[in-house]
Amino acid sequence: MKVIILLGPPGCGKGTQAEKLERQLGYKKLSTGDMLRNIVKQDSPLSIKIQEVMDAGDLIDDELIIKVIEKSFLESDCQQGVILDGFPRTLIQAKHLEKMLLKNSKLQNAKLDVISIKVNDISLIKRITGRFFCSKCLSGYHDEYKPTIKDGICDQCGSKSFSRRNDDNEETVKRRLENYYNDSVPIIEYYKEQKIFNQIDGEQTMEKVYTELTSYL
Ligand code: ADP
């Protein structure tokens with residue numbers, strides 16, 4: 001079984017590519033960002049704390065995120081393979097992932113592959129600050145690159161209600177990028193040493209990125 005780690009800065013396209021891999025190849029996508037956004041929807045002191053950290057563009061504590069991902073690994077059907085989107089994000093998380101795989105009998109034979117999607121900061125900020133989605137069917141759009149066909153109406157379901165992520169504003173994106181360079185880039189060196197690291201140019205079309213990505217599987 002394969003465990004694919006998608007690395008890369010916020011807005012590089014990890015989520016989109018992970019979704020496509022899930023749809024087309026039957027891999028199970030485990031996205032820590034989605035998991036946290038689901039926790040935030042529930043009303044609890046923990047969800048308020050998580051919301052504050054995410055809105056600031058900072059990282060959730062390693063201990064908590066490790067619990068969340070471990071639970072999700074155990075509950076998911078991972079037979080075809082797993083794509084990790086948004087985890088690991090720190091060296092501590094990367095080291096814990098290996099322990100977690102060894103500990104779990106279902107995952108002991110897992111083979112790790114790391115694919116990083118590289119995009120420059122200016123493109124990332126433009127991509128993230130322009131994105132929005134339909135509140136009803138969650139179809140994704142972009143002010144400039146992918147507007148709705150009819151102004152203010154979702155192409156897919158006709159809804160007139162749209163949302164943006166709280167953390168998709170310029171100030172928070174800059175903070176998210178800063179955290180990415182400080183906390184997540186060191187993981188790249190760690191995986192390079194293990195010779196399981198690959199990198200893709202994420203400025204290419206989504207289709208080209210996907211084709212290149214699948215060539216590493
Ligand atoms: P992006 O990759 O665009 O930043 P995500 O949806 O992956 O978006 O993550 C959104 C936020 O969730 C992050 O800014 C961070 O606060 C939190 N988060 C997600 N994954 C992790 C993780 N592995 N460790 C710590 N915090 C995380």
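Just follow the structure's listing: the first ligand is 1, and inside any ligand the first atom is 1.
Ligand 1 places these atoms under 4.0 Å from at least one heavy atom of R165: 1 (P), 3 (O), 5 (P), 6 (O), 8 (O), 10 (C). Of all atoms in ligand 1, numbered sequentially from 1 with element shown, those under 4.0 Å from a heavy atom of F87 are 23 (N). The contact set between ligand 1 and I65, taken as ligand atoms under 4.0 Å from a residue heavy atom, comprises 21 (C), 22 (C), 23 (N), 24 (N).
At least one donor-acceptor pair closer than 3.5 Å links the side chain of E22 to the backbone N or O of K29.
Using a non-hydrogen distance threshold of 4.0 Å, R37 registers as a contact of ligand 1.
If you take CZ on R176 and CG on D168, they are separated by 5.0 Å, rounding to the nearest 0.5 Å. Y190 contributes atom OH, which lies 15.5 Å from atom NZ of K192 (distance to the nearest 0.5 angstrom).
In the candidate list R89, R176, Q93, R89 is nearest to atom 2 (O) of ligand 1, counting heavy atoms. The closest heavy-atom contact to atom 18 (N) of ligand 1, among the options T32, L7, L36, V53, comes from L36.
The shortest N or O to N or O distance between D34 and ligand 1 is not under 3.5 Å. At least one N or O atom of I60, backbone or side chain, sits closer than 3.5 Å to an N or O atom of ligand 1. Of the N or O atoms in G86, one or more lie within a sub-3.5 Å distance of an N or O in ligand 1.
Residue contacts with ligand 1 for R175 are absent, since no atom lies close enough (heavy atoms, distance under 4.0 Å). The backbone of D58, and not its side chain, has at least one atom closer than 4.0 Å to an atom of ligand 1 (non-hydrogen atoms only; backbone = N, CA, C, O).
Atom CD of E63 sits in a sparse spot, with 12 or fewer heavy atoms from other residues, nucleotides or ligands closer than 6.0 Å. Under a cut-off of 6.0 angstrom, the local environment of CD in E171 is sparse, with at most 12 non-hydrogen atoms contributed by other residues, nucleotides or ligands. No more than 12 heavy-atom neighbours from other residues, nucleotides or ligands sit within 6.0 angstrom of CD1 on I92.
Between D113 and K2 there is a salt bridge, since at least one side-chain N of the basic residue sits less than 4.0 Å from a carboxylate O of the acidic one.
Contact between V3 and A110 at its shortest, heavy atoms only, is CG2-CB, 3.7 Å.
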